[in-house]
K.L.:
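Can you read through this structure? Questions will come right after.
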There are 2 protein chains.
Amino acid sequence: MQYLKIKDAIVEQIEDGMLTARQKLPAERKLAEAFDTTRVTLREALSMLEAEGRVYREDRRGWFVSPEPMSYDPTQTLNFTNMALAQQRQPRTELLAAKQVLASKHAAKKLELPPFSDIYRVDRVRYLEERPVLYVTNFIRAELFPDLLKRDCSRNSLTDIYREHYGVEYQRIRYRITTSSLQGEIAQALRATAGTPAMVVERINYSQTGELIDCDIEYWRHDAITIDSIAELSA
Amino acid sequence: MQYLKIKDAIVEQIEDGMLTARQKLPAERKLAEAFDTTRVTLREALSMLEAEGRVYREDRRGWFVSPEPMSYDPTQTLNFTNMALAQQRQPRTELLAAKQVLASKHAAKKLELPPFSDIYRVDRVRYLEERPVLYVTNFIRAELFPDLLKRDCSRNSLTDIYREHYGVEYQRIRYRITTSSLQGEIAQALRATAGTPAMVVERINYSQTGELIDCDIEYWRHDAITIDSIAELSA
DNA sequence: TCTACTCTTTGGACTATACCAATATTTAGG
DNA sequence: CCTAAATATTGGTATAGTCCAAAGAGTAGA
């Protein structure tokens, strides 16, 4: 089982600091030669390291050393930007689309609305140190936020807009965490190869008055995140 | 991209009910022939389905259709058995080892104890419908539970023993969720191939009096679980 | 009927190679 | 010096086998 040795060798180089976070590994053909094996076996080893979250790849660009994951507490309202800054990371957000649409079956169900209701849909990609790590889609009950899209969604966080312009704040969050893999446009937006392991966080958010506000689906590159939280039991 | 067609064909068969939960897929060689391709490509497709959580494999035994994941709320004290029963699933637990050991560096740190302290270590494998899905290791502060190992750990849940014999209950839980992959003994115990995607849940549990009781590391087959919880924000 | 041994099938791992399209790099041109 | 076109490199996908050890099935013996 030769790929174990390859794995270990690469892990050692990472831990010894020969390879540092976000650094590109040599080309597959070069690595395969260095380890005296074929690309197939080499890629087997790399895929395993990818599953462990030690390396990641960018589609057709190569393999890179994974940086430390960001710690994420779904029970905090802290938005991505503030969460990142609190951890001395460099966040950036790219707005892909913000528009009013008719609710899909899936979105309508999540928002507890009849099919084809008017909702807002906001798609964003979020970066850490210029690496795209998160693809988020928000579905928002339109009737709660008239003219939401006239606010500058590309510069302000949604939670800030909710609070400042509509007096609405998150009070209760239902979340679900699953593992899956990145496909299609989402994979592309994250510069990932289809099939890259992912962590999926789905949240449904309720306001102070118990009203359902919005829901979001987050696709994280799985090595970029660790969920970290505390639960108090009321017993 | 032929493996996409293979994926879709298999997904379709699952969704049409031709293949049902826990059913074994045909042998790789048969499938490869059926799709007119090589085993390498076929395995590529299967690995992708594995990453998506639609199929799983048992080491050297073959590929199977993933059943519905179990929903797991880390903020509930419900132990595995009750959680499973509440969801009409059939749980079983196998005790691998329960012994008093000297704390490893890692365990000592988690338990906030000096190195080489006396602790209990309990290793268990948990099954759903006779499929091994979870490998748990508990590290327990020995001084809080004299003679714990004389109780029947193989028949009773740890939380029950804590409560009934020592009057200790969980009050606060710190948890961390990561994705990784199964390796070595853990993979073996779960009948998994090394490298199988996994969800890792680490918990540190505190009692009513705020005292650190124990911690546990849970390795889940990633397709067997979805984390499902609610957070109330105190704002 | 149950156990122990044998044979066959199957998954895991690996070699060697090939083609294509998207990158990255170099070169030529304004 | 900057831009655009030509070229080289590289990752993604696929073919066609091979070898091995574990698992499963079948068989013979107690």
Side-chain angles (χ1 to χ4, degrees), chain A residues 1-10 22-51 55-65 130-132 181-185 187-197, chain B residues 1-10 22-51 55-65 130-132 181-185 187-197:
Chain A
M1 266 161 329
Q2 176 161 3
Y3 72 85
L4 285 181
K5 286 181 191 161
I6 301 176
K7 265 184 53 183
D8 290 347
I10 296 176
R22 283 180 299 281
Q23 191 178 330
K24 187 178 186 304
L25 302 187
E28 292 183 356
R29 286 171 173 84
K30 298 243 168 77
L31 280 175
E33 197 187 5
F35 289 112
D36 192 33
T37 184
T38 57
R39 270 181 73 211
V40 180
T41 303
L42 190 261
R43 280 169 67 88
E44 173 84 16
L46 287 172
S47 296
M48 207 135 297
L49 288 172
E50 182 185 44
V55 305
Y56 65 97
R57 62 174 137 172
E58 302 205 345
D59 192 53
R60 289 173 190 285
R61 237 164 299 233
W63 299 83
F64 303 81
V65 178
E130 293 309 310
R131 174 189 174 211
S181 71
L182 302 175
Q183 302 292 339
E185 335 147 57
Q188 255 181 36
L190 297 183
R191 283 189 221 141
T193 310
T196 299
Chain B
M1 264 157 331
Q2 176 161 5
Y3 73 86
L4 285 180
K5 286 181 190 160
I6 301 176
K7 265 185 53 181
D8 290 346
I10 296 176
R22 281 180 300 279
Q23 191 178 329
K24 188 178 185 304
L25 301 187
E28 291 183 358
R29 286 171 175 84
K30 298 240 169 78
L31 280 175
E33 197 187 3
F35 288 112
D36 192 33
T37 183
T38 56
R39 271 181 72 209
V40 180
T41 303
L42 191 262
R43 280 168 66 88
E44 173 85 15
L46 287 172
S47 297
M48 207 136 296
L49 288 172
E50 182 185 43
V55 305
Y56 65 97
R57 61 176 138 172
E58 300 205 346
D59 193 53
R60 289 175 187 286
R61 238 163 298 231
W63 299 83
F64 303 81
V65 178
E130 293 309 311
R131 172 189 175 212
S181 71
L182 302 174
Q183 302 293 340
E185 335 148 56
Q188 255 182 38
L190 297 182
R191 285 191 220 138
T193 311
T196 299

K.L.:
What is the distance from CG of L25(B) to P of dT10(C), rounded to the nearest Å?
P.N.:
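Rounded to the whole Å, the gap is 13 Å.
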
K.L.:
Rounded to whole angstroms, how far apart are CZ on F64(B) and C1' on dT10(C)?
P.N.:
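Computing the F64(B):CZ to dT10(C):C1' distance gives 12 Å.
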
K.L.:
In this structure, how many angstroms lie between the C1' atom of dA13(C) and the CD atom of E44(B), rounded?
P.N.:
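To the nearest whole Å, that distance equals 15 Å.
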
K.L.:
For the pair F64(B) and R131(B), evaluate side chain to side chain contact (heavy atoms under 4.5 Å, CB included) and give the outcome as yes or no after the intermediate values.
P.N.:
CA-CA 11 Å; F64(B) 303 81; R131(B) 172 189 175 212; over 6 Å; no

K.L.:
Could you give the CE-to-C1' distance, from M1(A) to dT15(C), as a whole number of Å?
P.N.:
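Result: 17 Å.
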
K.L.:
Tell me the interatomic distance from L42(A), atom CG, to dC14(C), atom P, rounded to whole angstroms.
P.N.:
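In whole Å, dC14(C) P and L42(A) CG are 11 Å from each other.
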
K.L.:
Within the 4.0 Å limit for protein heavy atoms, which parts of nucleotides 16-24 of chain C are touched? Write it as a string from 5' to 3', B for base, S for sugar-phosphate only, - for none.
P.N.:
B-BB--SSS

K.L.:
Is there side-chain contact between K7(B) and E44(B), with heavy atoms separated by less than 4.5 Å?
P.N.:
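Result no, sub-4.5 Å side-chain heavy-atom pair not found.
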
K.L.:
For the CD atom on E185(B), are there more than 12 heavy atoms of other groups (residues, nucleotides or ligands in this structure) within a distance under 6.0 Å?
P.N.:
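At most 12 heavy atoms, drawn from other residues, nucleotides or ligands, come within 6.0 Å of this atom.
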
K.L.:
Answer with yes or no whether the side chains of E28(A) and W63(A) bring together a donor and an acceptor at under 3.5 Å.
P.N.:
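W63(A) vs E28(A): donor-acceptor pair found between side chains.
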
K.L.:
Indicate yes or no: at least one non-hydrogen side-chain atom of L25(A) is less than 4.5 angstrom from one of L46(A).
P.N.:
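Yes, side chains in contact.
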
K.L.:
Give a yes or no on this: more than 12 heavy atoms of other residues, nucleotides or ligands lie within 6.0 Å of atom NZ of K24(B).
P.N.:
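Yes - once you tally the heavy atoms of other residues, nucleotides and ligands closer than 6.0 Å, there are more than 12.
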
K.L.:
Surrounding NZ of K5(A) (heavy atoms of other residues, nucleotides or ligands, distance under 6.0 Å), is the total greater than 12?
P.N.:
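12 or below, so no.
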
K.L.:
Which whole-number value in Å describes the distance from R191(B) CZ to dG11(C) C1'?
P.N.:
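Spelled out: CZ on R191(B) to C1' on dG11(C) is 16 Å.
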
K.L.:
For R29(B), check side chain to side chain donor-acceptor pair (under 3.5 Å) against everything at least two apart and list the hits.
P.N.:
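Side chain to side chain donor-acceptor pair (under 3.5 Å) list for R29(B), sorted by chain: empty.
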
K.L.:
Start with the C-alpha gap between T193(A) and R57(A), add the side-chain angles, then the distance that decides, and say whether side chain to side chain contact (heavy atoms under 4.5 Å, CB included) holds.
P.N.:
CA-CA 7 Å; T193(A) 310; R57(A) 62 174 137 172; 3.6 Å; yes

K.L.:
Without decimals, in angstroms, what is the distance between W63(B) CH2 and dG12(C) P?
P.N.:
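Distance check: W63(B) CH2 to dG12(C) P gives 7 Å.
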
K.L.:
Taking only N and O in the side chain of K24(B), is any of them less than 4.0 Å away from OP1 or OP2 of dT10(C)?
P.N.:
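No, K24(B) has no side-chain N/O under 4.0 Å of OP1/OP2 on dT10(C).
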
K.L.:
Taking heavy atoms of chain B and a 4.0 Å limit, find me the 5'-most and 3'-most nucleotide of DNA chain D within that range.
P.N.:
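Reading along DNA chain D, I get dT13(D) to dG24(D).
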
